[in-house]
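Inspection log for the structure reproduced underneath, given as structure tokens.
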Amino acid sequence: FVRRGWTVAVGCYFENDAQVVNSIESAGARVIRLGLRRIPGRINPAVAVKLISGVFRELRRFAPDIVHVQYLNPGMPPVIAARLAGYPVLATIHSQPADKARGLWISRRCLPAIADFIVCVSNHTDRLMFGECDANGRRDTRRATIHNAVNIPPESLAGTRKTVRGELGLADARIVGVVSRLSHEK
């Protein structure tokens, strides 16, 4: 976007990595650091209010044409701030662990009402967040799924050790397991 003449700003709500910040700035984008303190593992209403007001203030100062909110962690505050500031919102939802799905009810209910467009990075993420369609059997046209993203729903990993070894032709072989994030850059 910068090479095409756009003015780009990237917001960091909490901590940030100096190397990543330098990389973004050297590409010509501005990095806005709110410097808020994250409290891991729980939602803190005071931090949410500071986040909304900080993002709102910076958006009004920067005056963007569109706001892209990536990830929904720390939740809805940046989306709310962008909407309150009067800017169109594009929200990208990355994978959401199934064990945290119960805590996503706010995003499920509110995000479609206040975001202008939503992008899910896999079919699994889309279904987990929104289901197949609405109560009338329709899919929201303001939502898209990146179909070639990594899409491994938990049910596809089901199977006994013996069955999986047999399917892979590794019944008696030694296997070294690696736990990693499945993503193209890795």
Side-chain angles (χ1 to χ4, degrees), residues 1-2 6-17 20-21 24-25 27-136 138-146 149 181 183:
F1 287 109
V2 172
W6 291 73
T7 302
V8 176
V10 176
C12 298
Y13 317 128
F14 303 110
E15 67 280 345
N16 53 75
D17 180 281
V20 173
V21 169
I24 292 168
E25 289 176 335
R30 177 177 160 209
V31 177
I32 301 167
R33 298 169 192 88
L34 294 181
L36 298 175
R37 191 171 151 253
R38 182 190 313 252
I39 300 175
R42 65 184 194 134
I43 297 171
N44 182 320
V47 172
V49 169
K50 287 180 183 177
L51 182 54
I52 290 171
S53 66
V55 171
F56 179 88
R57 182 181 61 251
E58 292 299 331
L59 288 174
R60 294 309 287 252
R61 185 177 301 159
F62 187 71
D65 292 311
I66 189 166
V67 176
H68 178 211
V69 177
Q70 178 122 247
Y71 308 109
L72 287 184
N73 187 7
M76 294 294 295
V79 177
I80 293 168
R83 179 53 72 213
L84 289 173
Y87 299 107
V89 178
L90 165 64
T92 299
I93 304 174
H94 291 260
S95 62
Q96 300 294 334
D99 63 331
K100 294 186 178 180
R102 288 181 299 144
L104 298 173
W105 66 270
I106 293 174
S107 297
R108 284 184 183 145
R109 296 272 188 217
C110 298
L111 189 61
I114 61 176
D116 292 281
F117 201 81
I118 302 166
V119 176
C120 295
V121 300
S122 72
N123 293 329
H124 177 67
T125 299
D126 189 300
R127 282 193 309 273
L128 178 65
M129 286 297 295
F130 304 107
E132 293 294 330
C133 50
D134 68 12
N136 298 316
R138 294 183 304 255
R139 190 176 194 288
D140 189 342
T141 58
R142 296 174 308 116
R143 189 172 87 235
T145 301
I146 301 172
R181 204 174 85 199
S183 59

How would you list, by chain and number, every residue that makes a salt bridge (Lys or Arg N to Asp or Glu O under 4.0 Å) with R57, sequence neighbours excluded?
none

For R33, which residues count as a salt bridge (Lys or Arg N to Asp or Glu O under 4.0 Å) partner, sequence neighbours excluded?
E25

The side-chain hydrogen bond (donor to acceptor under 3.5 Å, both in side chains) partners of R37 (sequence neighbours excluded) come to none

For residues 79-86, please give each side-chain donor-acceptor pair under 3.5 Å, one per line with the distance, not counting sequence neighbours.
| residue | atom | partner | partner atom | Å |
| --- | --- | --- | --- | --- |
| R83 | NE | I114 | O | 3.0 |
| R83 | NH1 | Y87 | O | 3.3 |
| R83 | NH2 | I114 | O | 2.7 |
| R83 | NH2 | D116 | OD1 | 3.4 |
| R83 | NH2 | D116 | OD2 | 2.6 |

Contact summary for [X] and [Y], nearest pair of heavy atoms:
X    : Y    : value
P64  : L59  : CD-O, 3.4 Å
F62  : V8   : CZ-C, 4.1 Å
L51  : P77  : CD2-CB, 3.7 Å
D126 : C120 : CA-SG, 3.7 Å

Are side-chain heavy atoms of V55 and V67 found at a separation under 4.5 Å?
no

Test side chain to side chain contact (heavy atoms under 4.5 Å, CB included) on V31 and N16 and set out the steps.
CA-CA 10 Å; V31 177; N16 53 75; over 6 Å; no

F117 and side chain to side chain contact (heavy atoms under 4.5 Å, CB included): which single residue from R142, H68, R143 fits?
R142

Between atom CD1 of I32 and atom CD of E58, what is the distance when rounded to the nearest 0.5 Å?
5.0 Å

Enter the distance from L34:CG to F14:CZ here, rounded to the nearest 0.5 Å.
8.5 Å

Taking only residues two or more places apart in sequence or in another chain, which ones pass side chain to side chain contact (heavy atoms under 4.5 Å, CB included) with A27?
none

Which residues pass the side chain to side chain contact (heavy atoms under 4.5 Å, CB included) test with D17, not counting sequence neighbours?
Q19, V20

